[in-house]
Colleague: 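Have a look at this one.
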Amino acid sequence: MGVAVAVEEGLVVPVLRFTDQMSMMTINSNVKDLAGKARNKKLQPKDMEGSTFTVSNLGMFGIEEFTSIINQPNSAILSVGAIVEKPVVKNGEIKVGHTMKVTLACDHRTVDGATGAKFLETFKKYIENPVTMLA
């Protein structure tokens, strides 16, 4: 999984390998390490090779919604926006809720739209019930 990191010279995408075998805590720690390496110019070329999927998060900058462009050889990129408070309807009542917009761009030569939609459906379930990610 590639993780887009902004540095002075532009954007770099270090790669976190075998994320499917990591806990959320391990992924979080490894992403922080890679981002630190990127900002300190300590990345090696091998640290930026082999991703097939990238995550780009502009939410930390207050950007609510955006669409990223897929970097080859990746098959998809997930754009993550800011979490914002807004009125939501829960059980027929309007309450303050937290929402976040994400956009998924898929290269249809390798991932079709139906597969992308299934991914987003699963992603939504995990985000709406995050404790399920810790198992």
Side-chain angles (χ1 to χ4, degrees):
M1 177 179 78
V3 181
V5 179
V7 294
E8 286 181 25
E9 294 81 12
L11 189 69
V12 294
V13 183
V15 177
L16 187 57
R17 289 166 176 56
F18 307 111
T19 55
D20 61 322
Q21 300 170 20
M22 295 180 192
S23 69
M24 289 301 294
M25 298 300 284
T26 301
I27 291 171
N28 181 52
S29 175
N30 288 345
V31 166
K32 285 182 180 177
D33 288 345
L34 282 173
K37 275 182 155 184
R39 290 186 186 104
N40 292 318
K41 300 179 183 176
K42 303 275 186 195
L43 288 176
Q44 300 296 314
K46 66 180 173 118
D47 295 327
M48 295 181 282
E49 296 174 350
S51 69
T52 57
F53 184 94
T54 297
V55 176
S56 181
N57 176 8
L58 293 181
M60 67 181 106
F61 300 111
I63 306 302
E64 292 183 32
E65 183 177 4
F66 65 106
T67 302
S68 300
I69 297 171
I70 302 166
N71 290 317
Q72 297 301 319
N74 283 233
S75 292
I77 186 165
L78 183 69
S79 307
V80 180
I83 297 171
V84 296
E85 285 187 342
K86 63 188 264 185
V88 296
V89 177
K90 274 193 172 177
N91 301 322
E93 295 181 21
I94 298 175
K95 298 187 176 192
V96 175
H98 294 88
T99 64
M100 178 180 75
K101 294 182 182 179
V102 299
T103 303
L104 180 67
C106 297
D107 182 336
H108 284 250
R109 294 173 292 182
T110 56
V111 178
D112 65 42
T115 302
K118 287 178 185 174
F119 169 82
L120 286 174
E121 178 182 44
T122 302
F123 181 79
K124 180 179 184 283
K125 287 178 185 175
Y126 281 126
I127 290 297
E128 289 178 347
N129 191 5
V131 72
T132 59
M133 289 187 280
L134 300 176

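Hydrogens, waters and symmetry mates are skipped; everything else that's a heavy atom, side chains included, is used.
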Colleague: If I take atom CE from residue Met22 and atom CE from residue Met24, how far apart are they, to the nearest 0.5 angstrom?
Modeller: 11.5 Å

Colleague: Enter the distance from Asp47:CG to Asp33:CG here, rounded to the nearest 0.5 Å.
Modeller: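 It is 11.0 Å, given to the nearest 0.5 Å.
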
Colleague: Group every Ile, Leu, Val, Met, Phe, Trp and Tyr by side-chain heavy-atom contacts under 4.5 Å, then state whether Val55 and Ile27 land in the same group.
Modeller: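 Shared cluster, yes.
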
Colleague: For Val12 and Ala38, work out which heavy atoms get closest and say how close.
Modeller: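 It is CG2-CB, 3.8 Å.
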
Colleague: Are Phe66 and Ile127 joined in one hydrophobic group, where the rule is that I, L, V, M, F, W and Y side chains link up if heavy atoms are under 4.5 Å apart?
Modeller: no

Colleague: Measure across Val111 and Gly116 and return the closest heavy-atom pair with its distance rounded to 0.1 Å.
Modeller: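 Result for this residue pair: CG1-N, 4.2 Å.
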
Colleague: Please list all pairs meeting ring-ring contact (aromatic ring centres under 6.0 Å, His included) that have one or both residues in residues 4-38, counting only residues at least two apart or in different chains.
Modeller: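 Checked against ring-ring contact (aromatic ring centres under 6.0 Å, His included) - neighbours excluded - no pair reaches residues 4-38.
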
Colleague: Applying the 4.5 Å side-chain criterion to the ILVMFWY set and letting contacts propagate, would Val31 and Ile77 be lumped into a single cluster?
Modeller: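 Different clusters.
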
Colleague: Sort and list the pairs that fulfil ring-ring contact (aromatic ring centres under 6.0 Å, His included) and have at least one residue in residues 23-57, not counting sequence neighbours.
Modeller: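 Sorted result for residues 23-57: Phe53-Phe119.
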
Colleague: Evaluate the side-chain proximity of Asn57 to Val3: yes if any heavy-atom separation is below 4.5 Å, no if none is.
Modeller: no

Colleague: Report whether Leu43 and Val13 are members of the same hydrophobic cluster (ILVMFWY, side-chain heavy atoms less than 4.5 Å apart, transitive linking).
Modeller: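 Unlinked, Leu43 and Val13 end up in two clusters.
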
Colleague: When rounded to the nearest 0.5 angstrom, what is the spacing between OG1 in Thr115 and CG in Leu120?
Modeller: 11.0 Å

Colleague: Roughly how far apart are Asn30 CG and Leu16 CG, rounded to 0.5 Å?
Modeller: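 It comes to 5.0 Å.
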
Colleague: Drop me the distance from Asn74's CG to Gln72's CD, to the nearest 0.5 angstrom.
Modeller: 7.5 Å

Colleague: Around atom CG of Asn91, are there more than 12 heavy atoms from other residues, nucleotides or ligands closer than 6.0 Å?
Modeller: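 Incorrect, the count does not exceed 12.
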
Colleague: Would you say that Thr122 contacts Lys125 through its side chain, given a criterion of any heavy-atom pair below 4.5 Å between the two side chains?
Modeller: no

Colleague: Answer yes if Val88 and Ile83 sit in the same cluster of Ile, Leu, Val, Met, Phe, Trp and Tyr residues linked by side chain heavy atoms under 4.5 Å apart, and no otherwise.
Modeller: no

Colleague: Looking only at non-hydrogen atoms, find the nearest pair between Ser51 and Met1 and report the distance.
Modeller: CB-C, 4.1 Å

Colleague: Going through the checks in order, is the side chain to side chain contact (heavy atoms under 4.5 Å, CB included) test met by Arg17 and Glu49?
Modeller: CA-CA 10 Å; Arg17 289 166 176 56; Glu49 296 174 350; 4.3 Å; yes

Colleague: Would you indicate whether Met25, at its atom CE, is surrounded by more than 12 heavy atoms from other residues, nucleotides or ligands within a distance under 6.0 Å?
Modeller: no

Colleague: Under the side chain to side chain contact (heavy atoms under 4.5 Å, CB included) criterion, do Leu78 and Leu104 qualify, and how do the steps go?
Modeller: CA-CA 5 Å; Leu78 183 69; Leu104 180 67; 4.2 Å; yes

Colleague: Could you tell me whether the side chain of Ser79 and the main chain of Ser68 form a donor-acceptor pair under 3.5 Å?
Modeller: yes

Colleague: When you measure from the side chain of Thr52 to the backbone of Ser75, do you find a donor-acceptor pair of N or O atoms at a distance under 3.5 Å?
Modeller: no

Colleague: According to side-chain hydrogen bond (donor to acceptor under 3.5 Å, both in side chains), who are the partners of Lys41, at least two apart in sequence or on a separate chain?
Modeller: Glu9

Colleague: Flag the pair Thr99 / Val84 as yes when at least one side-chain heavy-atom distance between them is below 4.5 Å, and no otherwise.
Modeller: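 Yes, at least one pair of side-chain atoms sits under 4.5 Å.
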
Colleague: What's the spacing between Thr110 OG1 and Ile70 CD1 if we round to 0.5 Å?
Modeller: 7.5 Å

